[in-house]
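The structure under discussion appears below in the form of structure tokens.
Starting from 1, each residue takes its place in the sequence as its number. These values consider heavy atoms only, across backbone and side chains, with no hydrogens, waters or symmetry-generated copies.
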Amino acid sequence: MKRIMAAALGLTLGMVSTGGMVSTAWAQRADRAVDQPVVRSLNWFSYVAAEDIRAACRPGGRNHLRLIYNALWEEQVRAYELFLQPDGTAGLTIGVLADQGPATTVSSITIREPGDITGPWRMRRGQRLLTAAQAGDLLGSLQASAAFGPPRDGLRLPDNDFWWTVASCRDGVWGFQAYHYPTDRFANVKFAEKLFSFDNVGVAVNRPRNLEPAELRRDPNLRPGRERADRWMLVVGKDGLRAR
């Protein structure tokens, strides 16, 4: 059982996907390399770093933003992909992972089909088509939040804290920003409520709350050397995430 538990928890180290799209704004979709729980553990960090967006960012390319709201990895993560269109509208895809921590045990999983074992870690998805006015308002709030960079070099983002990252390619220009609760930068986020108002997934937002420092909330029962198995830390560089 311990081996099964370890394997199941390993599946949780990743996330995010978007479904198919309709209309012109839905003609583009996020990188699906993090679609399935098993491969998310291999691609999650590059997904947050938006390496795919950065590699494709050039003049004449698509305008694409990826926003990640980490509301304690074990409790909830929300991912937003925004595809800006020439007419000012935007396609918005939404993905939510919830309750994927220790409370989700193998003994509580009902397996009726082979795919059911990954059920607790699957992304819950939604999508919206934003009008030009809605998209413009959201972009204005992002601009007011300095969401297009530069970030604070050396900022640390623990898995068990509240934080946002924003990766963007607009008119061929790459940008990256990060906000860690409860710093001033997080307090100055202007875009969160606008995004949440467009969110149609049906999972309540896990709001920031005051907690002990992240390092004091590690599992004291883990054996030395096991910490890396289910805990992680991202570090921000001058224009994106530092390589792991």
So how far is it from [X] [atom1] to [Y] [atom2], rounded to the nearest 0.5 Å?
X	Y	atom1	atom2	value
W73	L157	CH2	CG	13.5 Å
L97	R124	CG	CZ	8.5 Å
W174	S168	CH2	OG	7.0 Å
D161	L72	CG	CG	7.0 Å

Are [X] and [Y] side-chain neighbours, meaning at least one heavy-atom pair lies under 4.5 Å?
X	Y	value
L67	R78	no
L139	F148	yes
N70	F162	no
F186	H180	no
L195	Y69	no
E74	N160	no
Q134	R128	yes
T93	R125	no

Please name the pair of heavy atoms, one in [X] and one in [Y], separated by the smallest distance, quoted to 0.1 Å.
X	Y	result
C169	I53	CB-CG2, 3.8 Å
N206	A71	ND2-O, 2.8 Å
A135	G88	CB-O, 3.3 Å
L234	W163	CD1-CH2, 3.9 Å
V201	G126	CG2-N, 3.8 Å
S145	V189	OG-C, 3.7 Å

(message) How about CG on N200, more than 12 heavy atoms from neighbouring residues, nucleotides or ligands closer than 6.0 Å, or not?
(response)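 Counting other residues, nucleotides and ligands, CG of N200 exceeds 12 neighbours.
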(message) Looking at R156, I'd like to know if its CZ atom is crowded, meaning that more than 12 non-hydrogen atoms belonging to other residues, nucleotides or ligands lie closer than 6.0 Å.
(response)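 Not more than 12 within 6.0 Å, no.
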(message) Less than 6.0 angstrom separating the ring centers of Y80 and F198, yes or no?
(response)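 Judged by ring-centre distance (under 6.0 Å), Y80 and F198 do not meet the cut-off.
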(request) Please check if the distance between the ring centroids of F191 and Y179 is under 6.0 Å. (result)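 Ring centres of Y179 and F191 closer than 6.0 Å.
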(message) One pair to check against side chain to side chain contact (heavy atoms under 4.5 Å, CB included): H64 and E81. What are the steps and the verdict?
(response) CA-CA 7 Å; H64 183 183; E81 301 270 349; 2.4 Å; yes
(message) One pair to check against side chain to side chain contact (heavy atoms under 4.5 Å, CB included): I68 and V77. What are the steps and the verdict?
(response) CA-CA 7 Å; I68 306 295; V77 182; 4.1 Å; yes
(message) In this structure, would L241 and V173 fall into the same cluster of hydrophobic residues linked by side-chain contacts under 4.5 Å?
(response)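 Looking at the clustering, V173 is in a separate group from L241.
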(request) Please confirm whether R62 makes a cation-pi placement over F83, using NZ or CZ under 6.0 Å from the six-membered ring centre and within 45° of the ring normal. (result)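 The answer is no, since R62 fails at least one limit relative to F83.
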(message) For R66 and D52: C-alpha separation, side-chain torsions, deciding distance, then whether side chain to side chain contact (heavy atoms under 4.5 Å, CB included) applies.
(response) CA-CA 11 Å; R66 178 175 297 155; D52 57 318; 2.9 Å; yes
[X] side chain to [Y] main-chain N or O, any donor-acceptor pair under 3.5 Å?
X	Y	value
W164	A147	no
R58	A55	yes
Q177	P150	yes

(message) Out of the candidates L84, L65, L130, only one should pair with L138 under the side chain to side chain contact (heavy atoms under 4.5 Å, CB included) rule; please name it.
(response)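 That would be L130; it is the only one of L84, L65, L130 passing the side chain to side chain contact (heavy atoms under 4.5 Å, CB included) with L138.
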(request) Just do the side chain to side chain contact (heavy atoms under 4.5 Å, CB included) check on R209 and Y181 with the steps written out, would you? (result) CA-CA 9 Å; R209 62 186 187 272; Y181 181 83; 5.6 Å; no
(message) Can you tell whether the side chains of R207 and E75 come within less than 4.0 Å, N to carboxylate O?
(response)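 Judged by the 4.0 Å cut-off on N to carboxylate O distance, R207 and E75 do not form a salt bridge.
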